[in-house]
Amino acid sequence: MSMDKTVDTAAEAVADIGDGSSLAVGGFGLSGNPVQLIEALRDQGAKELSIVSNNCGVDGWGLGLLLASGQIVKMTSSYVGENKEFARQYLEGELEVELVPQGTLAEKLRSGGAGIPAFYTRSGVGTQVADGGLPMRYNSDGTVAKASAPKDVRSFSLGQTGERDYVLEESIVTDFALVHAAVGDRHGNLVFNKATRQFAPPAAMSATVCIAQVEKLVEPGEIDPDQVHLPGVYVHRIVEVGPDIEKPIEKRTVRAAGADSEGEGR
């Protein structure tokens with residue numbers, strides 16, 4: 001593979017994503033959504049996609065675009081609010097949903113990228129996450145078509161905590177990953193901005209082929225090695241989308257002009 005991993009367009013970057021592919025997609029809320037790659041994938045038309053991402057965007061933005069076009073068959077996520085079409089498809093039996101605790105989801109991706117097949121965690125012990133029974137897919141009449149299976153629970157003594165129960169979680173490896181970064185070089189080294197760094201690195205690590213869109217493309221050596229958040233060894237394709245891209249705010253919260261810290265006017 002050439003050390004220069006740049007491609008000219010988002011369409012070229014996602015051209016070989018086929019029907020039935022699994023994808024890990026970066027983003028935290030609407031922060032760091034690889035929207036140009038998502039739009040290109042929508043236009044490319046791959047169907048029956050299984051997607052792992054913290055959330056599924058919102059109606060009309062982010063992964064919500066693929067949801068609206070009927071290209072997603074399964075979502076593995078932590079947070080599924082803010083999206084009416086997601087709720088409709090899930091409740092009407094059109095979409096399979098696997099709910100995973102947020103920290104566990106990040107670790108399932110990271111561990112998959114590190115070659116660790118499974119791990120035990122306290123998160124989910126004593127809930128349906130461990131015991132099984134979470135509805136994953138509904139029938140059109142509202143009955144449960146598929147529920148989550150029970151997971152292995154074992155007791156361990158860790159440090160000074162005494163013996164506690166832990167649930168076994170299998171790691172995630174996907175066919176592709178789509179991530180957004182602030183800066184990247186031609187070798188694929190990436191720098192993320194703030195909340196974008198939450199899920200993008202583990203999503204990138206988990207994939208057989210990682211595709212990154214960057215706002216600014218620089219030459220190798222221009223990024224201080226200490227500032228690299230994701231080494232280029234995990235990245236296979238990189239496309240520059242520029243800084244002038246739309247970055248919507250999921251929930252805008254403002255305070256009236258002249259209001260003090262208690263929310264009252266002066």
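Heavy atoms only: backbone and side chains are in, while hydrogens, waters and symmetry mates are out.
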Response to the item:
residues 219-228 vs side-chain hydrogen bond (donor to acceptor under 3.5 Å, both in side chains), sequence neighbours excluded, gives R186-E219

Discussion item. Please enumerate all residues that pass side-chain hydrogen bond (donor to acceptor under 3.5 Å, both in side chains) together with E82, with sequence neighbours excluded.
Written reply: Y79, K251

Worksheet entry | Nearest atoms (heavy-atom pairs only) where L41 meets L66 | CD2-CD1, 3.9 Å

Worksheet entry | Nearest heavy atoms of V173 and T208, plus distance in Å | CG1-OG1, 4.5 Å

Practice prompt. Answer yes or no: does atom CZ of R197 have more than 12 heavy-atom neighbours from other residues, nucleotides or ligands under 6.0 Å?
Written response: no

Item to complete: Treat each ILVMFWY residue as a node, draw an edge where side-chain heavy atoms are under 4.5 Å apart, and state whether L91 and M75 are in one component.
Response: yes

Practice prompt. Give a yes or no answer on whether the side chain of S206 reaches the backbone of G112 with a donor-acceptor pair at less than 3.5 Å.
Written response: no

Discussion item. If we ignore hydrogens and angles and just use 3.5 Å, is the side chain of R137 paired with the main-chain N or O of K146 as donor and acceptor?
Written reply: no

Item to complete: Of all the heavy-atom pairs spanning V179 and L37, show the shortest one and how long it is.
Response: O-CD1, 4.0 Å

Worksheet item: Can you tell me how far the CG atom of N83 sits from the CG atom of N55, to the nearest 0.5 Å?
Response: 9.0 Å

Worksheet item: Under 3.5 Å, is there a donor-acceptor pair between the side chain of Q89 and the main chain of L67?
Response: yes

Item to complete: Among residues two or more places apart or on two chains, list those pairs meeting ring-ring contact (aromatic ring centres under 6.0 Å, His included) that have a residue in residues 170-226.
Response: none

Worksheet item: Does E48 offer a backbone N or O that forms a donor-acceptor pair with the side chain of D19 under 3.5 Å?
Response: no

Worksheet, complete the sentence: OG (S69) and CD (E39) are apart, to the nearest 0.5 Å, by 11.5 Å

Worksheet item: Which atom pair, heavy atoms only, marks the closest approach of N54 to Q102?
Response: OD1-NE2, 2.8 Å

Discussion item. Using the side-chain hydrogen bond (donor to acceptor under 3.5 Å, both in side chains) criterion, which residues pair with K216? Sequence neighbours excluded.
Written reply: none

Fill in: D175 versus S22, side-chain donor and acceptor atoms under 3.5 Å
yes

Fill in: Separation of L23 CG from I17 CD1 (nearest 0.5 Å)
5.0 Å

Practice prompt. Work out which heavy atom in V80 is nearest to a heavy atom in S77; give both atom names and the distance.
Written response: CG1-CB, 4.0 Å

Practice prompt. Drop me the distance from L178's CG to I38's CD1, to the nearest 0.5 angstrom.
Written response: 6.5 Å

Item to complete: Please check if V144 and L95 belong to a single hydrophobic cluster, counting links between Ile, Leu, Val, Met, Phe, Trp and Tyr side chain heavy atoms closer than 4.5 Å.
Response: yes

Worksheet entry | Linked, directly or transitively: L168 and V153 (ILVMFWY side chains, under 4.5 Å) | no

Practice prompt. Kindly write out the residues that satisfy salt bridge (Lys or Arg N to Asp or Glu O under 4.0 Å) with D131, not counting sequence neighbours, or none if the list is empty.
Written response: none

Item to complete: Taking salt bridge (Lys or Arg N to Asp or Glu O under 4.0 Å) as the test, write out the residues that go with R110, two or more places apart.
Response: E107

Discussion item. For E94, give me all partners under side-chain hydrogen bond (donor to acceptor under 3.5 Å, both in side chains), at least two apart in sequence or on another chain.
Written reply: R88

Worksheet item: What's the shortest heavy-atom distance between V241 and I245, and which atoms?
Response: O-CG2, 3.8 Å

Worksheet item: Does CD in E92 sit with more than 12 non-hydrogen atoms of other residues, nucleotides or ligands closer than 6.0 Å?
Response: yes

Worksheet item: Can any side-chain N or O of N139 pair as donor or acceptor with the backbone N or O of G142 at less than 3.5 Å?
Response: no

Tell me which donor-acceptor pairs under 3.5 Å the side chains of residues 25-35 have, and how far apart each pair is, sequence neighbours excluded?
{"residue": "N33", "atom": "ND2", "partner": "G29", "partner atom": "O", "Å": "3.1"}

Fill in: Whether H229 side chain and L190 backbone form a donor-acceptor pair below 3.5 Å
no

Item to complete: Output all residues satisfying ring pair (Phe, Tyr, Trp, His ring centres under 6.0 Å) with Y90, sequence neighbours left out; order by chain, then residue number.
Response: Y138

Item to complete: Please check if the side chain of Q44 supplies one atom and the backbone of A15 the other of a donor-acceptor pair under 3.5 Å.
Response: yes

Worksheet item: Taking only residues two or more places apart in sequence or in another chain, which ones pass salt bridge (Lys or Arg N to Asp or Glu O under 4.0 Å) with E98?
Response: K74

Worksheet item: With a 4.5 Å heavy-atom cut-off, do I238 and V7 have their side chains touching?
Response: no

Discussion item. Quick test of your reading of the model: are D59 and K84 salt-bridged, counting only N-O distances below 4.0 Å?
Written reply: no

Worksheet item: Under 3.5 Å, is there a donor-acceptor pair between the side chain of S171 and the main chain of I116?
Response: yes

Fill in: Set of ring pair (Phe, Tyr, Trp, His ring centres under 6.0 Å) partners for Y120, sequence neighbours left out
F156

Item to complete: Give a yes or no answer on whether the side chain of Q213 reaches the backbone of Q36 with a donor-acceptor pair at less than 3.5 Å.
Response: yes

Discussion item. Quick one: does any side-chain atom of E240 pair with a main-chain N or O of L217 as donor and acceptor, under 3.5 Å?
Written reply: yes

Worksheet item: Got a sec, which pairs hit side-chain hydrogen bond (donor to acceptor under 3.5 Å, both in side chains) with one end in residues 154-164, sequence neighbours left out?
Response: S155-D165

Practice prompt. Supply the atom-to-atom distance H236 NE2 to C210 SG, rounded to the nearest 0.5 angstrom.
Written response: 7.5 Å

